[in-house]
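The chain is numbered in sequence order, starting from 1. In listed order, ligands and their atoms are each counted from 1.
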Amino acid sequence: MSVAKKQYKRVTTNSVIEMKANGEKISMLTAYDYTMAKIVDGAGIDIILVGDSASNVMAGHETTLPITLNEMIYHASSVVRAAKRSLVVVDLPFGTYQSDPKEALRSAIRIMKESGGHAIKVEGGKEIKESIKRILNAGIPVMGHLGLTPQSIYKFGTYTVRAREEAEAKKLKEDAKMLEKMGCFALVLEKVPAKLAQEVAESISIPVIGIGAGAGVDGQVLVTHDMVGMTHEFNPKFLRRYLNLYEEMTNVFKQYIDDVKSLDFPNESEQY
Ligand code: KIV
């Protein structure tokens with residue numbers, strides 16, 4: 001169903017706060033390169049996330065931990081060149097903001113200066129409060145990320161749903177309130193019970209964008225390569241696959257190999 005919505009020439013951090021206030025759901029997808037970002041932006045997505053999931057999707061690492069700040073800047077600058085309307089949010093990678101607020105600020109400044117991204121995203125609540133404060137004080141918009149925070153995977157030990165227990169749910173609610181109060185413009189909630197996510201979204205004025213967090217939040221984010229089915233080994237319950245590009249691409253690559261081997265390609269009209 002198509003919903004009547006205000007037209008934005010360029011989506012800003014203020015626009016997404018306004019969308020929540022107006023009851024308009026926010027759409028967010030990942031991109032890590034120019035070509036994908038051009039398609040996603042052209043389709044009208046509100047926010048492009050240059051996620052550190054690039055570590056898995058683009059580089060084939062098992063976790064998001066190995067990706068570096070320079071690599072994130074490379075991905076983000078390619079996306080920024082393509083994005084004409086979308087707000088571009090860039091993940092600060094693991095190890096660039098947790099140890100020291102000054103280093104966190106330096107990392108965020110490098111992202112903003114060298115990639116041209118419009119905002120940064122960090123994982124965690126109270127424990128990284130000082131880093132978030134420094135970054136916000138420098139005028140850099142910050143998106144929070146709570147629930148399943150993949151940079152902490154070795155602490156969690158598993159990618160299972162977070163905050164099912166009362167103590168963790170209570171901390172998550174407190175962290176969300178804290179991020180709102182500090183001035184973060186939005187928050188990602190990953191893999192938490194839908195009821196809890198809705199409660200959080202209703203308790204704060206900044207948008208809550210969910211991944212595996214149910215329908216009661218203010219927007220949704222998916223990893224683009226997963227939703228178009230370029231990846232096929234990752235099948236969480238929350239993932240809707242809109243295409244099966246893994247199979248389709250495999251078939252056309254096989255067709256191409258056959259065409260080359262059988263001298264069918266190139267034909268008369270495909271040469272000079
Ligand atoms: O890195 C990423 O792609 C993310 C999304 C899953 C929210 O953080």
Side-chain angles (χ1 to χ4, degrees), residues 16 25-33 36-37 40 45-69 71-76 78-79 83 86-98 107-108 111 115 117 119-125 128 132 141-153 156 159-163 172 175-176 179 184-192 197 200-201 206-214 217-228 230-231 234-241:
V16 294
K25 298 284 184 189
I26 298 157
S27 60
M28 173 158 133
L29 282 173
T30 57
Y32 321 110
D33 68 88
M36 186 69 90
V40 169
I45 210 78
D46 296 316
I47 305 177
I48 298 181
L49 173 65
V50 186
D52 59 359
S53 50
S55 179
N56 313 101
V57 178
M58 302 305 283
H61 292 298
E62 211 172 290
T63 72
T64 58
L65 276 68
I67 200 161
T68 66
L69 191 56
E71 287 165 342
M72 287 304 295
I73 289 169
Y74 168 77
H75 288 299
S78 308
V79 168
S86 314
L87 175 73
V88 179
V89 180
V90 186
D91 265 337
L92 278 193
F94 175 69
T96 67
Y97 62 95
Q98 293 93 340
S107 306
I111 294 266
S115 79
I120 60 99
K121 176 163 83 59
V122 287
E123 295 183 5
I128 56 159
I132 295 174
V142 176
M143 175 182 272
H145 185 157
L146 300 172
L148 176 66
T149 45
Q151 292 179 11
S152 303
I153 189 59
F156 298 145
Y159 285 98
T160 195
V161 177
R162 303 303 313 175
L172 189 148
D175 282 343
L179 294 174
C184 291
F185 75 94
L187 168 64
V188 166
L189 271 191
E190 181 164 352
K191 257 190 148 180
V192 298
V200 171
I206 58 170
V208 174
I209 301 174
I211 174 162
V217 290
D218 308 302
Q220 299 293 329
V221 55
L222 286 175
V223 169
T224 300
H225 288 68
D226 295 335
M227 63 90 80
V228 297
M230 283 176 91
T231 57
F234 176 67
N235 282 305
K237 183 178 175 185
F238 66 77
L239 175 61
R240 183 179 293 183
R241 286 203 197 279

Please say whether [X] places an N or O atom under 3.5 Å from an N or O atom belonging to ligand 1.
X: Ser53; value: yes
X: Tyr32; value: no
X: Lys121; value: yes

Item to check | Contact check, His145 vs ligand 1, heavy-atom distance below 4.0 Å | outcome: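 Under 4.0 Å: yes for His145.
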
[X] [atom1] to [Y] [atom2] distance, which is reported to the nearest 0.5 Å:
X: Met143; Y: Ile206; atom1: CE; atom2: CD1; value: 9.0 Å
X: Ile209; Y: Lys25; atom1: CD1; atom2: NZ; value: 11.0 Å
X: Ser78; Y: Ile73; atom1: OG; atom2: CD1; value: 11.5 Å

#### Entry: Phe238 atom CZ: more than 12 heavy-atom contacts under 6.0 Å
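Count over threshold, so yes.
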
Below 4.0 angstrom from a heavy atom of [X], which ligand 1 atoms are there? Numbered from 1 as shown, please.
X: Ile211; value: 6 (C)
X: Leu49; value: 2 (C), 3 (O), 4 (C), 5 (C), 7 (C), 8 (O)
X: Gly51; value: 1 (O), 2 (C), 3 (O)

Check: Which part of Thr30 is near ligand 1, with near meaning a heavy atom under 4.0 Å away: side chain, backbone, both or neither?
Finding: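 Near ligand 1, Thr30 shows its side chain, while the N, CA, C and O stay back.
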
Would you mind telling me if ligand 1 is within reach of the side chain of Thr64, the backbone, both or neither, using heavy atoms under 4.0 Å?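 Under 4.0 Å from ligand 1, Thr64 contributes no heavy atoms.
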
- Message: Whether the Asp226 and Thr231 side chains hold a donor-acceptor pair (N or O, under 3.5 Å, no angle test) is what I'd like checked.
- Response: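 Yes - a donor-acceptor pair under 3.5 Å links their side chains.
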
Would you say the side-chain atoms of Thr224 and Tyr32 include a donor-acceptor pair closer than 3.5 Å?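 No donor-acceptor contact under 3.5 Å links the two side chains.
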
| Just by modelled atom types, is the Ser55 backbone N or O under 3.5 Å from a matching donor or acceptor in the Thr64 side chain? |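 It does not hold such a pair.
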
